[in-house]
Amino acid sequence: MINKIKLIKKIEVVLIKMDEKKENPSQIDKEQREKWDKMRFETQLISAGEDPYPETSHSLRTPIYATKSYTYSSLSELLKNRYFYSRTENPTLYALDKKLATLHGGEKAISVASGMAAIHLACSSILQKRVERIRPKKIKNLLPQTRPNEIPNMIIHLNQYTGSYRLFTKIYPQMGIEFKRINMCDLKEVKDAIDEQTKLIYVETPANPTVDILDIQGCADLIHEVGGKCIVDNTWASPALQQPLKLGADLVIESLTKYINGHGDCLGGAIIGPANEIRNIRYFWLETQGQVLSPFNAWLILRGVRTLSMRMARHSSNAIKITQFLLKHPKVKEVIYPGLKSHPGYELAKKQMRNFSGMIGFELESEVECNKFIELLKLIKVGVSLGDTTSLIEYTALMTGIDLASWERKSMNISNTHFRFSVGLEDPQDLIDDLDQALSQI
Ligand SMILES: Cc1ncc(COP(=O)(O)O)c(C=O)c1O
């Protein structure tokens with residue numbers, strides 16, 4: 001029995017040492033990061049995370065490591081290395097993690113299977129009690145706190161991606177986490193909603209699908225007063241346009257599926273933030289839940305992200321041209337774009353973003369016209385998702401909004417005549433011509 005306890009203790013020590021080793025950057029890691037931090041953003045996009053190594057045969061491009069595990073001839077050799085099992089560590093994913101951490105100015109990043117996986121992992125790490133994977137005694141303290149006066153809550157905006165909305169309003173309450181859904185455009189409402197049990201404020205800006213702009217710095221300052229954390233979903237801006245960690249956010253989420261990959265050929269997600277937080281997500285939450293990004297998808301995303309800056313500039317300039325066209329068209333009832341002075345978040349967007357991105361909302365007069373319009377489009381593709389080379393338009397109530405009850409859509413300001421337009425990289429005149437021919441026939 002005593003020998004068994006000794007063996008377990010020895011294994012625990014080995015695991016702790018391994019985690020510490022993985023968490024603490026080596027001298028080479030530190031020097032590389034310092035080098036990348038000195039680069040300007042466009043150079044970081046190309047170079048950060050991707051130095052050719054002797055062990056990768058000085059390959060210019062990061063190879064795809066298609067492996068589930070790593071083998072060593074001895075325990076001491078294993079301890080010297082940081083690779084163990086591909087659920088938590090893989091060199092292709094590490095290259096992407098290092099690039100994303102550098103681009104956001106965060107200590108560390110972790111890339112995972114999808115944007116939704118990133119959202120759930122990040123929120124889990126903040127809302128639920130922290131556990132060390134190797135300390136079983138602490139497991140009884142796991143989530144959720146059950147005494148009524150200790151029920152944790154999170155603050156969410158009226159609008160966010162429907163998947164996140166479902167997670168926060170339909171699943172987390174079953175896990176003992178309450179939500180307070182308010183108009184976060186108004187910081188006074190945010191201040192009034194925060195109480196001692198508020199653990200998290202969730203900021204998605206620009207917000208899907210209504211393109212609301214939320215004040216990252218303002219929300220972060222308010223939640224920090226009660227010791228809570230601020231997560232920002234940065235998917236509609238990408239680090240090329242907005243860097244929330246520099247505005248006081250604690251963790252940033254990106255759906256890599258969208259602008260960061262930018263080519264519409266795979267899904268991915270990422271969380272960027274302090275090293276201890278990312279370590280907890282990697283070695284407890286991801287290791288336990290398993291939402292792993294495939295090395296092939298990591299490689300595709302590494303390939304896509306290198307052109308992010310150029311693409312975001314073009315998405316934004318195309319969107320401005322299309323907005324100008326829609327504003328003048330008699331069949332268009334309303335145009336919603338943060339680059340318009342008429343948008344309530346225009347000044348804030350100018351302050352916290354570098355450009356206004358490629359997402360437009362617009363409204364037609366009637367449902368009959370909406371149905372005709374969507375059928376008449378020839379070049380612009382009708383489909384969900386956003387942020388890639390190809391323009392994608394969705395009839396919101398019938399597409400991403402289809403799972404919502406009509407009262408829910410109403411509470412989100414999603415009318416039955418709303419379109420969400422992800423402006424691609426085509427020639428803007430071709431997009432305008434297509435919109436024009438469809439609108440003129442409805
Ligand atoms: C703002 C935002 N966050 C997260 C997601 C989810 O990302 P994924 O599809 O990669 O899970 C989406 C999807 O549209 C989104 O728009």
Side-chain angles (χ1 to χ4, degrees), residues 96 100 109-124 156-169 171 184 202-214 216 231-242 244 249 251-272 286 289-294 297-298 300-301 304-305 312 315 336 338 345 349 353 356-361 381-388 390-396 399-404 412 414 418-424:
L96 179 59
L100 293 171
I110 178 166
S111 43
V112 296
S114 68
M116 276 314 299
I119 291 165
H120 179 49
L121 286 162
C123 292
S124 300
I156 59 172
H157 182 45
L158 293 174
N159 296 317
Q160 58 252 273
Y161 172 56
T162 44
S164 317
Y165 168 80
R166 269 200 306 276
L167 183 68
F168 304 151
T169 62
I171 296 183
M184 280 172 45
Y202 188 85
V203 182
E204 182 184 300
T205 183
N208 187 353
T210 44
V211 216
D212 296 341
I213 302 292
L214 306 181
I216 297 172
I231 293 184
V232 175
D233 182 335
N234 203 50
T235 301
W236 278 31
S238 90
L241 304 190
Q242 184 168 270
L251 288 178
V252 176
I253 285 161
E254 297 279 3
S255 164
L256 305 174
T257 317
K258 312 294 180 335
Y259 287 115
I260 290 190
N261 176 43
H263 290 72
D265 44 19
C266 71
L267 272 79
I271 309 160
I272 304 101
L286 178 67
Q289 298 183 5
Q291 307 95 318
V292 186
L293 182 67
S294 90
N297 287 356
L300 283 175
I301 296 162
V305 72
M312 292 315 289
H315 283 297
I336 310 138
M353 296 173 76
F356 301 104
S357 194
M359 298 303 300
I360 300 175
K381 304 271 182 292
V382 180
V384 294
S385 198
L386 56 109
D388 68 81
T390 311
S391 287
L392 277 171
I393 203 160
E394 73 149 2
Y395 188 0
T396 317
M399 294 173 78
T400 46
I402 193 76
D403 290 339
L404 301 169
M412 293 177 172
I414 304 173
H418 181 270
F419 287 93
R420 188 190 74 182
F421 187 11
S422 166
V423 180

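Ligands are counted one by one from 1 in listed order, and the atoms in each one are counted from 1 as well. Source: prediction; values computed, not measured.
- How far CH2 of W236 is from CD of Q242: 12.5 Å, rounded to the nearest 0.5 Å.
- You'll find the side chain of V305 reaches within 4.5 Å of the side chain of I260, heavy atoms only.
- The aromatic rings of H315 and Y259 sit perpendicular, their planes meeting at an angle over 60°, well past the 30° parallel limit.
- Proximity of a side-chain donor or acceptor of T257 to a complementary backbone N or O of L267 within less than 3.5 Å is not detected.
- With hydrogens and angles disregarded, no donor-acceptor distance shorter than 3.5 Å links the side chain of N261 to the backbone of L256.
- Atom NZ of residue K381 and atom CG of residue D388 lie 11.0 Å apart, to the nearest 0.5 angstrom.
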Name each N or O atom in ligand 1 that is under 3.5 Å from a protein N or O, and give the partner atom and the distance.
unit_1   : atom_1 : unit_2 : atom_2 : d
ligand 1 : 3 (N)  : D233   : OD2    : 2.7
ligand 1 : 7 (O)  : S255   : OG     : 3.1
ligand 1 : 7 (O)  : K258   : NZ     : 3.3
ligand 1 : 9 (O)  : K258   : NZ     : 3.2
ligand 1 : 10 (O) : G115   : N      : 2.8
ligand 1 : 10 (O) : S255   : OG     : 2.8
ligand 1 : 10 (O) : T257   : OG1    : 2.5
ligand 1 : 11 (O) : G115   : N      : 3.1
ligand 1 : 11 (O) : M116   : N      : 2.9
ligand 1 : 14 (O) : K258   : NZ     : 3.1
ligand 1 : 16 (O) : N208   : ND2    : 2.9
ligand 1 : 16 (O) : W236   : NE1    : 3.3

